[in-house]
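Step one of this worksheet: look at the structure below.
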Amino acid sequence: DGIAFVRKNFKSFFGIILYLAGPFIIITGLLSGYMQSLQSQLMMGSWLNTMRLGSDAGLLSANFIGTLSIFILISMLTTLVTISCVCLYFKEYDKAGPDQLPIDRGLISPNLPGACWRLFYNLLLLGLIMGLVSAAFVGICVVLFMVPVLNVLVGIALVIGMIILMPVLIYVLYVANYIVIRDEIMITQAFGKAWRYVKGNYWWTWLLMVAVTISLATVASIFNLPITIITFSKAFTRLTDPGSATSGNSLLIIIFGAISMIGQLLAITPILYTFCIFNFYNQEERHEGTGLMSRIDEMDSK
């Protein structure tokens, strides 16, 4: 169903994301590439030990910190806009009749600021809750790790627990973001709703998320390959002139770093949300009735 959706709505779906979130994604990608370029220059100067202390090093460090601060803020805004575009598209798609497809961006753009704001304060609440839970969990683990024999067993249990829980928790987080925008409820209620539908379908959801994650990671490696090659080539190459090295490769790092980030936000994130949302509808309709999934079947048969 997810593949059928992407195939039939490719132009409309990704076109709206590109039009509404594209400018933010491009800015974030360029900042990411520039930040990687600064990091590369700092590492090169440290390795070759030829950078003037207190001058170039201090300037680059300050530039990197400033760029990192701007990147974090812009990245947060870009993430909110991208997720909101995807979720609003599915919200409108679920309500639209056959004569209203494909979805027009005029249905989404007026609701985008409100969706971003709703998602923002809900994610802040989620971050606070997760921070408190994580602090309590770390405290318990620290106490358990003090016991000589128990620390090994706890370590093994943590690894197994992460493998079992993380794929489903990521799925629940993605689905909860969609429910927050679709149903206009708080993130705590959305989490409860998503988790309630997962019950009885846990291992199918786990298998789906693992398969989708592996598939998308393979696709993402295509976007990451150029910057990875440049990074490793710089790591294993010892140049005598760090100034010429950075000037010759900085533009490439910026370009390929931007391509890597843009590919992640423009392709990988929407597709991952697509599979999560369709699985959620599958589970919801088993509890509540028919809806989006039957519409996909109907359109696929035409």
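Within 6.0 Å of OH in Tyr202 there are more than 12 heavy atoms belonging to other residues, nucleotides or ligands. Within 6.0 Å of CD1 in Ile3 there are 12 or fewer heavy atoms belonging to other residues, nucleotides or ligands. The 12-atom threshold is exceeded at CZ of Arg118, counting heavy atoms of other residues, nucleotides or ligands nearer than 6.0 Å.
By the side-chain hydrogen bond (donor to acceptor under 3.5 Å, both in side chains) test, Asn201 is found to be paired with Arg286, residues two or more places apart in sequence or in another chain being considered. For the side-chain contact (heavy atoms from CB on, under 4.5 Å) test, residues two or more places apart in sequence or in another chain that qualify with Ala267 are Phe223. Partners of Asp183 under the side-chain hydrogen bond (donor to acceptor under 3.5 Å, both in side chains) rule, at least two apart in sequence or in another chain, are Lys193. Not a single side-chain hydrogen bond (donor to acceptor under 3.5 Å, both in side chains) links Thr274 to another residue, sequence neighbours left out. Considering only residues two or more places apart in sequence or on other chains, Gln283 meets the side-chain hydrogen bond (donor to acceptor under 3.5 Å, both in side chains) condition with Tyr171, Thr205.
Counting heavy atoms from C-beta outward, Asn282 and Asp1 have side chains that stay 4.5 Å or more apart. Taking 4.5 Å as the limit, every side-chain heavy atom of Val86 sits out of range of all side-chain heavy atoms of Thr269.
Across all their heavy atoms, Cys85 and Ile108 have their closest contact at O-CD1, 4.5 Å. In terms of heavy-atom proximity, Cys276 sits nearest to Tyr174 at SG-CB, 4.0 Å. For the pair Cys116 and Val81, the tightest heavy-atom approach, listed with the atom from each and the gap, is SG-CA, 3.8 Å. Contact between Ala190 and Ala176 at its shortest, heavy atoms only, is CB-O, 3.5 Å. Minimum interatomic distance between Ile164 and Trp206 (heavy atoms only, all atoms of both residues): O-CD1, 3.2 Å.
Distance CG/Leu125 to CE/Met186: 5.0 Å, rounded to 0.5 Å. Between the CD1 atom in Ile74 and the CD1 atom in Ile27 there is a gap of 6.5 Å [rounded to 0.5 Å]. For the atom pair CZ of Phe191 and CD1 of Ile179, the computed distance is 9.5 Å after rounding to the nearest 0.5 Å. In this structure, CG in Leu124 is found 9.0 Å from CG in Asn122, a value given to the nearest 0.5 Å. Once rounded to the nearest 0.5 Å, the distance linking CG of Asn279 with CD of Glu284 reads 11.5 Å. For the atom pair CE of Met209 and CG of Leu216, the computed distance is 9.0 Å after rounding to the nearest 0.5 Å.
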| said: Checking Thr188 against Ile129 for the side-chain contact (heavy atoms from CB on, under 4.5 Å) test, could you report, in this order, the C-alpha distance in whole Å, the side-chain angles of both residues, the deciding distance, and whether it holds? | reply: CA-CA 9 Å; Thr188 50; Ile129 295 174; 3.8 Å; yes

| request: Applying side-chain contact (heavy atoms from CB on, under 4.5 Å), run through Asn177 and Ile181 and close with a yes or a no. | output: CA-CA 7 Å; Asn177 289 336; Ile181 293 178; over 6 Å; no

| field | Stepwise side-chain contact (heavy atoms from CB on, under 4.5 Å) check, Asp104 with Glu92 | value | CA-CA 9 Å; Asp104 185 77; Glu92 295 299 329; over 6 Å; no

| Which is it for Leu77 and Phe24 under the side-chain contact (heavy atoms from CB on, under 4.5 Å) test, yes or no, and what are the steps along the way? | CA-CA 8 Å; Leu77 178 60; Phe24 298 95; 3.6 Å; yes

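The cluster map of Ile, Leu, Val, Met, Phe, Trp and Tyr, joined by side-chain heavy atoms under 4.5 Å apart, puts Met261 and Leu73 in different clusters. Put simply, Met162 and Ile160 are part of the same group of oily side chains (I, L, V, M, F, W, Y) that touch within less than 4.5 Å, one to the next. In the hydrophobic clustering of this structure, Leu126 does not group with Leu132; members are Ile, Leu, Val, Met, Phe, Trp, Tyr whose side-chain heavy atoms approach within less than 4.5 Å, directly or through other members. Linking ILVMFWY residues whenever their side-chain heavy atoms come closer than 4.5 Å, directly or via other members, places Trp203 and Phe280 in the same cluster. Placement of Phe14 and Ile222 in two distinct hydrophobic clusters is found when ILVMFWY residues are connected by side-chain heavy-atom separations under 4.5 Å, directly or transitively.
Of the residues listed (Leu31, Ile26, Ile25), the one engaging Thr78 in a side chain to side chain contact (heavy atoms under 4.5 Å, CB included) is Ile25, and it is the only one. Of the residues Tyr281, Phe13, Tyr273, the one that meets the ring pair (Phe, Tyr, Trp, His ring centres under 6.0 Å) test with Phe90 is Phe13.
In this structure a side-chain-to-backbone donor-acceptor pair under 3.5 Å is present from Ser221 to Thr218. Counting only distance, with no hydrogens or angles, the side chain of Ser84 and the backbone of Leu112 share no donor-acceptor pair below 3.5 Å.
Looking only at atom types and distance, the side chain of Ser109 has no donor-acceptor partner in the side chain of Tyr19 under 3.5 Å away.
Residue pairs meeting the salt bridge (charged side-chain N to carboxylate O under 4.0 Å, His left out) criterion with at least one member in residues 256-267, sequence neighbours excluded, do not occur.
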